[in-house]
Amino acid sequence: MDLSERIVAGEPRALARAISYVEDERDGFEDLLDHLDDRIGRARRIGITGPPGAGKSTLTAALTRHYLQQSLTVGIIAVDPTSPFTGGALLGDRIRMNELASEEGVFIRSMASRGSLGGLSTTTREASDLMDAAGYDRIVIETLGVGQSELDIASSADTTAVVLVPESGDGVQAMKAGLMEVADLFVVNKADRPGADRLEKELAIIMSVRADTTAPASKDGWRIPILQTIGLEESGIEELANGLDNHFNWLNESGLLEPRRAECRLRRAHDALLRRTKRDAEKVWRTAPSIEESIEESPYSIAQRLYDKWKGGDRS
Ligand SMILES: Nc1nc2c(ncn2[C@@H]2O[C@H](COP(=O)(O)OP(=O)(O)O)[C@@H](O)[C@H]2O)c(=O)[nH]1
Ligand SMILES: [Mg+2]
């Protein structure tokens with residue numbers, strides 16, 4: 001069996017290898033993705049984002065256990081260097097995550113934040129595609145909600161939950177980070193600590209204020225729920241799972257799911273084009289002059305010469 005057949009057959013090792021191919025942009029990885037394209041689209045993709053320490057990994061793990069109880073299989077992608085899934089974080093958290101990793105029906109992958117040519121968000125989406133092709137029912141993508149590229153990852157999911165905690169104090173911080181824009185659902189985690197109700201109210205106020213102005217408190221008519229959870233005690237997880245399902249069902253029934261996914265695919269084509277271009281540029285860059293040779297020539301002249309060489313099809 002070739003790699004794509006083994007992925008479709010649900011062989012975890014084949015899936016792991018394929019994700020590495022994509023990450024490393026190994027020869028033929030685009031053909032592999034192309035080949036699997038008609039296998040993609042069955043899984044529901046869930047983005048879990050928020051500031052560091054909010055409890056994203058804890059909630060991801062709790063949600064995964066909930067899905068397993070419903071006989072659903074789960075692929076997890078952690079794009080967070082401090083994730084217990086990847087070896088960061090406290091020992092206790094790590095042990096809990098490792099338990100999960102050994103469960104049947106769970107596939108966990110961490111993605112390095114190191115810059116891939118196509119951008120982290122592209123690679124993450126492609127890894128999700130591979131998990132989708134492998135038959136996982138739910139794909140949970142945990143990302144730090146700190147920069148644009150992280151938010152891009154989160155917002156490429158069908159449904160994105162933004163996790164905040166009372167002690168970070170303010171929805172204002174979330175507003176600054178652009179988290180309000182990507183949220184389909186807010187989770188106030190660590191509700192065992194003081195201030196959870198206050199944060200919930202704060203978020204509700206921020207959203208209602210936005211409704212009066214140009215930015216909607218809802219996205220295309222979806223009312224963004226605010227839920228409270230205690231990730232550590234797995235409390236509120238069923239409500240969270242229901243909230244995620246409700247959003248997905250709403251997307252589906254309102255006819256928005258397909259166009260959104262189609263838009264995402266088209267963006268991916270754009271990313272794939274840019275990545276290819278960059279790859280070729282890097283190839284031609286290998287023929288760049290040495291430092292000594294370059295002294296007499298302007299940077300722009302060097303770039304132009306290499307560009308012409310590339311355009312002329314000269315890859316030597
Ligand atoms: N008190 C309390 N601590 C929690 C809760 N959820 C997670 N934590 C702890 O908060 C810390 C950060 O959690 P983690 O899931 O790694 O956060 P992440 O950085 O957002 O992925 C860990 O030590 C968790 O055990 C909760 O609901 N209440
Ligand atoms: Mg984490």
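Ligands are counted one by one from 1 in listed order, and the atoms in each one are counted from 1 as well.
Applying side chain to side chain contact (heavy atoms under 4.5 Å, CB included) to W222 and the options T159, L251, N246 leaves one that passes, N246. Each of L185, D158, V140 was compared with L244 under the side chain to side chain contact (heavy atoms under 4.5 Å, CB included) criterion, and only L185 meets it. Remark: of the listed residues V106, I139, D137, D137 is the sole one forming a side chain to side chain contact (heavy atoms under 4.5 Å, CB included) with T73.
The distance from atom OG1 of T160 to atom CD1 of I46, rounded to the nearest 0.5 Å, is 10.0 Å. Between the CG atom of N189 and the CG atom of L227 there is a distance of 11.0 Å, given to the nearest 0.5 Å.
Looking only at atom types and distance, the side chain of S156 has no donor-acceptor partner in the side chain of R261 under 3.5 Å away. For the residue pair Q228 / D197, a side-chain donor-acceptor distance below 3.5 Å is found, with atom types taken as modelled.
Close approach to E142 involves these atoms of ligand 1, each under 4.0 Å from a residue heavy atom: 21 (O). Of all atoms in ligand 1, listed by their number and element, those nearer than 4.0 Å to a heavy atom of I230 are 27 (O). The atoms of ligand 1 that sit less than 4.0 Å from any heavy atom of R193 are 1 (N). Contact atoms of ligand 1 toward T58: 6 (N), 7 (C), 13 (O), 14 (P), 15 (O), 24 (C) (distance under 4.0 Å to a heavy atom of the residue).
The Mg ion (ligand 2) does not have T60 among its coordinating residues (no N/O/S atom, backbone or side chain, under 2.8 Å).
Look at K311 and D280 and you find no salt bridge, because none of the NZ, NE, NH1 or NH2 atoms lies under 4.0 Å from a carboxylate O.
When heavy-atom distances to ligand 1 are checked against a 4.0 Å cut-off, D192 comes that close only through its side chain, counted from C-beta outward. In N189, the part holding a heavy atom less than 4.0 Å from any atom of ligand 1 is the side chain.
Among T49, V188, L232, the residue whose heavy atom lies nearest to atom 3 (N) of ligand 1 is L232. Comparing G53, S57, A78, G145 against atom 21 (O) of ligand 1, the shortest heavy-atom distance belongs to S57.
At under 3.5 Å, a nitrogen or oxygen of A54, whether backbone or side chain, sits near a nitrogen or oxygen of ligand 1. Residue G55 places at least one N or O, backbone or side chain, under 3.5 Å from an N or O of ligand 1. Remark: ligand 1 and L59 share no N or O pair separated by less than 3.5 Å (distance only, no angle test).
Relative orientation of the H247 and W250 rings is tilted, given thresholds of 30° and 60° on the angle between their planes.
Distances from the Mg ion (ligand 2) to the N/O/S atoms of E142 are shortest for OE2.
Under a cutoff of 6.0 Å and an axis angle of 45°, R26 and Y21 do not form a cation-pi pair.
Using a non-hydrogen distance threshold of 4.0 Å, E233 does not register as a contact of ligand 1. Proximity of G50 to ligand 1 is not established, as no heavy-atom distance is less than 4.0 Å.
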